[in-house]
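Data block below; observations after.
Note that the coordinates shown come from a computational prediction; the quantities given were computed from them, not determined experimentally.
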2 protein chains.
Amino acid sequence: MLTARPADMAAYATPPKSLTTDFDFPVRERLVPKQNEVLVPGATPDVAHLLLAGHTCRYRMLQDGRRQITAILVPGDICDLEALLAGRSSYAVSTLTRCTLGEIPLSRFASTHDPVLAAALQRRLRRDEAIAREWIVSLGRRDGIERTAHLLCELRWRLAEVGQATDDSYELRITQHDLADALGLTSVHVNRVLMNLRAERLIHLKGGRLTIIDRTRLKHLAQFDPAYLVQ
Amino acid sequence: MLTARPADMAAYATPPKSLTTDFDFPVRERLVPKQNEVLVPGATPDVAHLLLAGHTCRYRMLQDGRRQITAILVPGDICDLEALLAGRSSYAVSTLTRCTLGEIPLSRFASTHDPVLAAALQRRLRRDEAIAREWIVSLGRRDGIERTAHLLCELRWRLAEVGQATDDSYELRITQHDLADALGLTSVHVNRVLMNLRAERLIHLKGGRLTIIDRTRLKHLAQFDPAYLVQ
DNA sequence: CGTATAGTTGACCGGCCTCAATGGGTGTGG
DNA sequence: CCACACCCATTGAGGCCGGTCAACTATACG
């Protein structure tokens, strides 16, 4: 788990000075602009990417241009966990905002049989899968409003764990177009949903910062239960 | 990986005599009727369930009765992998058809630090997640027909791996209602989609057996690429 | 052979998509 | 520091996919 770090608006502008993870390797920091490819599927990369600041996503493209984001990653997450464990990846990874990435050579994982490290990686894998299952529930059985509310609750919870959400407010610079590709909607409808959540005085979103006004009602609307996030 | 076993219609009526897995523990076989609970979320079970015959599913219920199936399991799969690895489960497991389950005491996993076993379990975990991600893509960006076609392709591929699909035909006794809960549709619409696929002469489905008439066109329709299933 | 469950079909409705235009905010260059 | 340009957010009108409700038929099982 990440050491809590005070959330500050400058986090996106300047790389964090120190970010301790459950496996603290020396990492080479790299600043990446928004909407930039980090990993292409099928490639065999030689470094894994630890997200230090900003938001990235895993996604898959269909032939006719349709895109589905399968995971949104927050600081502390390993972007290309599958590539790290299996040597290659079935999904692509891209930045959603300006990001600071920490590059970890894959050679550090290949040879070691450290049981503590293995357990930490397995825990991350299980957590990623638990989040994916909840996304399946959202996409299959929650309507646009509930689904969006659920994602906002999930992000608040995950960002709070790494000290990037104070109270019920966090930085969210993801475009509505990208949110749409995560929620299985169109950007037009995401906009209507967000306007709706604003009108209901459930959230406040402006200038790249989201504030949950009424957490109780938002959680109830989304039927959000953070149990799946707790390992 | 499972040793290939000739697919036979009797598999659902009589437990298979031998089914070798990548970890072959002696298991206690149990015959379970269809639509039966195997695992309830939050519980701390003392046995893991290896599916030997039939189909089970992982699912989650919403408060108002909506249900979303997050995984369909075929022979050779471990139904409650999360419970096995984490001690408790965030999802429920239920049978979709009559099933033969092999019960493995959790104590066999808790103490051992067998690296071969750990690698096998991690491979299963990665595969489950890869399938979940593809479901996210289907639910988010494929319409009803494409989504159904994709699931039928996925099941054919997975069943062929364990010798339960000869050519392009396999036993499928899952009800349209349950298929709907997996596909994020209603049973009425699943029926229309299946009628459509039949009318297009892509599949044949009768008496609990599905036959893919035109595999090339079905794969193309679903944009099915089995790469994600290959570990 | 009767009963229950599952599949099939029709009519109508609504959430979300498509197309299109306008407004607003942010970054950049002069 | 301002002006421009581009990207993003917002809003309206109309259409379609899939949902809802309801009835009927077929199949499985005792």
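- Atom-to-atom, NE2 of B:His189 to P of D:dA22 comes out at 21 Å; the value is rounded to the nearest Å.
- Listed by first and then second residue, the ring-ring contact (aromatic ring centres under 6.0 Å, His included) pairs that reach into residues 126-154 of chain A are A:His150-A:Phe224, sequence neighbours excluded.
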Nucleotides 7-15 of chain D: protein proximity per nucleotide (B base, S sugar-phosphate only, - neither; heavy atom, under 4.0 Å): --SBBBB--

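- The side chain to side chain donor-acceptor pair (under 3.5 Å) pairs that include a residue from residues 210-224 of chain A are A:Asp168-A:Arg215, A:Ser169-A:Thr211, A:Asp214-A:Arg217, where partners are two or more places apart or lie in different chains.
- Under the rule for a ring pair (Phe, Tyr, Trp, His ring centres under 6.0 Å), A:Tyr91 has no partner lying at least two apart in sequence or in another chain.
- Qualifying ring pair (Phe, Tyr, Trp, His ring centres under 6.0 Å) partners for A:Tyr59, counting only residues two or more places apart in sequence or in other chains: none.
- Applying the side chain to side chain donor-acceptor pair (under 3.5 Å) rule to A:Asp80 yields the partners A:His49; only residues at least two apart in sequence or on another chain are considered.
- Judged as a salt bridge (charged side-chain N to carboxylate O under 4.0 Å, His left out), and not counting sequence neighbours, B:Asp167 has no contacts.
- Legend: residues meeting side chain to side chain donor-acceptor pair (under 3.5 Å) with A:Gln68, ordered by chain and number and at least two apart, are absent.
- Taking side-chain N and O atoms only, A:Lys206 has a distance below 4.0 Å to OP1 or OP2 of C:dG25.
- Under the 4.0 Å criterion applied to side-chain N and carboxylate O atoms, A:Arg126 and B:Asp128 are not assigned as salt-bridge partners.
- Computed from C1' positions of five pairs at each end, the angle between the two local axes of the helix from C:dC1-D:dG30 to C:dG30-D:dC1 equals 50°, rounded to 10 degrees.
- Ionic pairing of B:Arg158 and B:Glu134 is not present here: no N-O contact between side-chain nitrogen and carboxylate oxygen is shorter than 4.0 angstrom.
- One interatomic measurement links the two molecules: CG of B:Leu179 to P of C:dA6, which rounds to 12 Å at whole-angstrom precision.
- The side chain to side chain donor-acceptor pair (under 3.5 Å) check on A:Ser138 picks up A:Arg142, with sequence neighbours excluded.
- Computed from coordinates, the B:Asp178 CG to C:dT5 P distance equals 14 Å when rounded to whole Å.
- Sorted by residue number, the members of residues 141-156 of chain B with any non-hydrogen atom under 4.0 Å from DNA chain D read B:Asp143, B:Gly144.
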Residues 186-207 of chain A side chain polar contacts: donor-acceptor under 3.5 Å, at least two apart:
residue: A:Thr186; atom: OG1; partner: A:His189; partner atom: N; Å: 3.3
residue: A:Asn191; atom: ND2; partner: A:Gln176; partner atom: OE1; Å: 2.9
residue: A:Arg198; atom: NH1; partner: A:Leu205; partner atom: O; Å: 2.8

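- Separating the CZ atom of B:Arg66 from the C1' atom of C:dG15 is a distance of 13 Å, rounded to the nearest angstrom.
- Protein atom CZ of B:Arg173 is 15 Å distant from nucleotide atom C1' of C:dT5, rounded to whole Å.
- Rounded to whole Å, atom C1' of C:dA6 lies 14 Å from atom CG of B:Leu172.
- Within the 4.0 Å cut-off from OP1 or OP2 of D:dG19, at least one side-chain nitrogen or oxygen of B:Thr186 is found.
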